[in-house]
Amino acid sequence: MSTSSTSYEAFRQFLKSAKHIATLCGAGLSAESGIPTFRGEGGWWRTFEATQLATPSAFKANPSRVWEFYHYRRELVLKKQPNNAHKALMDFENKILSQTPQNQTFTVITQNVDGLSSNLKNLIEMHGSLFRTRCTKCGDIDKNYNSPICEGLKGTENLNLDSNIPIEQLPSCTKCGGLLRPDVVWFNEKLDPNIIDKIHEELDRCDLLLVIGTSGTVYPAAGYANYVNLRGGKVAVFNIEDTGDADFKFIGPCGETLPKALE
Ligand code: BJW
């Protein structure tokens with residue numbers, strides 16, 4: 001990549017000609033819905049230590065603390081709505097799906113676990129979901145939108161993270177009684193190999209990757225833009241900050257830039 005274009009017109013022209021279009025989304029996509037990012041101003045990892053909350057060893061050492069964090073985030077997200085950037089992705093997907101003949105594809109790969117893109121038909125949630133649980137004993141995975149997720153966590157929404165709730169009062173499996181965990185991907189955990197395969201299928205054919213609201217610091221997602229570029233695909237970045245090289249760059253809140261780019 002050399003110089004970046006900031007022209008919406010040039011982007012829209014390229015978008016029309018691209019056959020396989022994909023996005024890689026991060027926490028910035030949901031920022032305008034009122035959901036904190038991880039590393040930006042007010043971000044989770046600015047206040048809390050990621051290793052104390054988003055690693056398997058943190059959960060083993062203190063499942064109560066980890067569940068308090070995820071309970072807080074579930075309750076927060078349940079009160080939030082998709083914003084104009086989510087809507088732009090939805091409208092664009094509908095536009096692509098209504099083409100006859102279908103001569104373009106559109107896939108949204110998201111690192112977000114908030115479910116605010118869950119109305120999309122072609123969605124890959126690579127880091128899991130706040131609204132799925134996984135049993136630590138039998139491995140059962142289940143959807144769960146209960147509010148609160150269990151009585152033991154009710155009233156712990158002050159984010160002190162020090163309630164020390166006994167394991168028996170944390171979410172438990174309806175099938176085997178084992179301790180449940182959030183079905184998200186923590187640091188040092190492998191992503192689901194089926195999901196990785198699906199992502200690679202997309203990246204291997206992608207002509208244009210839209211990188212929306214991600215700091216590009218967490219692997220494997222952080223390597224995807226470069227991967228697409230090396231294969232000759234183009235990369236368009238939508239971010240409030242300049243995150244580095246790209247063929248197209250739209251700096252500003254994605255609730256404003258994305259609808260304009262995809263109109
Ligand atoms: C806006 C905006 C607006 C704001 N409009 N923009 C290679 C090199 C080095 C390290 C590694 C490596 N490979 C693996 C690692 C280790 C690790 C890693 O990457 N560490 C780095 C920190 C260096 N990766 C892993 O551990 C991964 N696992 C793995 O690779 O396994 C391999 C393995 C092999 C063998 C054995 C075992 C393992 C797993 C990573 C899982 C990440 N999990 C989290 C938590 C998930 C659940 C949860 O949500 O609680 O995922 S961490 C957190 O970061 C979360 C996010 O999805 C992820 C990415 O963050 P994101 O979305 O980019 O958010 P921010 O806050 O960083 O950025 C927001 C951006 O938005 C900013 O740029 C703003 O400017 C912008 N913005 N408002 C537009 N309105």
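Order of listing sets the numbers, starting from 1, for every ligand and every atom in it. No hydrogens, no waters, no symmetry mates; every other heavy atom, side chains included, goes into these values. Residue indices begin at 1 and follow the sequence shown.
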Looking at Gly26, which atoms of ligand 1 are within less than 4.0 Å of one of its heavy atoms?
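Counting from 1, the qualifying ligand atoms are 62 (O).
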Provide, to 0.1 Å, the distance between [atom] and the closest protein heavy atom, together with that atom's residue and name.
atom	answer
atom 60 (O) of ligand 1	Arg39 NH1, 3.1 Å
atom 41 (C) of ligand 1	Val185 O, 3.3 Å
atom 33 (C) of ligand 1	Lys190 CG, 3.7 Å
atom 52 (S) of ligand 1	Phe187 CZ, 3.4 Å
atom 12 (C) of ligand 1	Tyr219 CB, 3.5 Å
atom 70 (C) of ligand 1	Gly213 O, 3.4 Å
atom 67 (O) of ligand 1	Ser215 OG, 2.5 Å
atom 21 (C) of ligand 1	Thr217 O, 3.3 Å

Relative to ligand 1, is Trp186 under 4.0 angstrom through side chain, backbone, both or neither, heavy atoms considered?
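Backbone only.
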Are any non-hydrogen protein atoms located under 4.0 Å from atom 35 (C) of ligand 1?
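Yes, there is a protein heavy atom closer to it than 4.0 Å.
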Can you tell which of [options] gets a heavy atom nearest to [atom]?
atom	options	result
atom 58 (C) of ligand 1	Val218, Asn239, Thr243, Asp242	Val218
atom 37 (C) of ligand 1	Asn188, Leu191, Asn112, Ile251	Asn188
atom 28 (N) of ligand 1	Glu241, Glu189, Glu125	Glu189

Residues clustering with Leu123 (ILVMFWY side chains joined when closer than 4.5 Å, directly or via others)
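Noted: Leu123 shares its cluster with Tyr8, Phe11, Phe14, Leu15, Ile21, Leu29, Leu89, Met90, Phe92, Ile96, Phe106, Val108, Leu120, Leu208, Leu210, Ile212, Phe238, Phe248, Phe250, Leu258, Leu262.
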Looking at Lys175 and Asp140, is any side-chain nitrogen of the basic one under 4.0 Å from a carboxylate oxygen of the acidic one?
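Yes.
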Please lay out, stage by stage, how Glu151 and Gln169 fare under the test side-chain hydrogen bond (donor to acceptor under 3.5 Å, both in side chains).
CA-CA 7 Å; Glu151 283 304 305; Gln169 291 173 33; over 6 Å; no
Within 45° of the axis and under 6.0 Å from the centre of the six-membered ring of Trp67, does NZ or CZ of Arg74 qualify?
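Judged by the rule, Arg74 and Trp67 form no cation-pi pair.
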Please say whether Cys254 places an N or O atom under 3.5 Å from an N or O atom belonging to ligand 1.
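Yes, Cys254 has an N/O under 3.5 Å of an N/O on ligand 1.
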Using non-hydrogen atoms of the residue, decide whether Tyr70 is closer than 4.0 angstrom to ligand 1.
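Yes; Tyr70 lies near enough to ligand 1 that a heavy-atom distance drops under 4.0 Å.
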Within the structure, is a non-hydrogen atom of Arg73 found at a distance of less than 4.0 Å from ligand 1?
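Yes, Arg73 has heavy atoms under 4.0 Å from ligand 1.
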Side chains of Pro220 and Ile196, heavy atoms from C-beta outward: is any pair under 4.5 Å?
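The answer is yes, as the side chains (C-beta and beyond) meet within the 4.5 Å cut-off.
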When you compare the side chain of Lys234 with that of Val228, does any pair of heavy atoms fall below 4.5 Å?
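No, their side chains stay 4.5 Å or more apart.
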For Thr243 and Val237, what are the C-alpha separation, side-chain angles and deciding distance, and is it a side-chain contact (heavy atoms from CB on, under 4.5 Å)?
CA-CA 8 Å; Thr243 53; Val237 168; 3.6 Å; yes
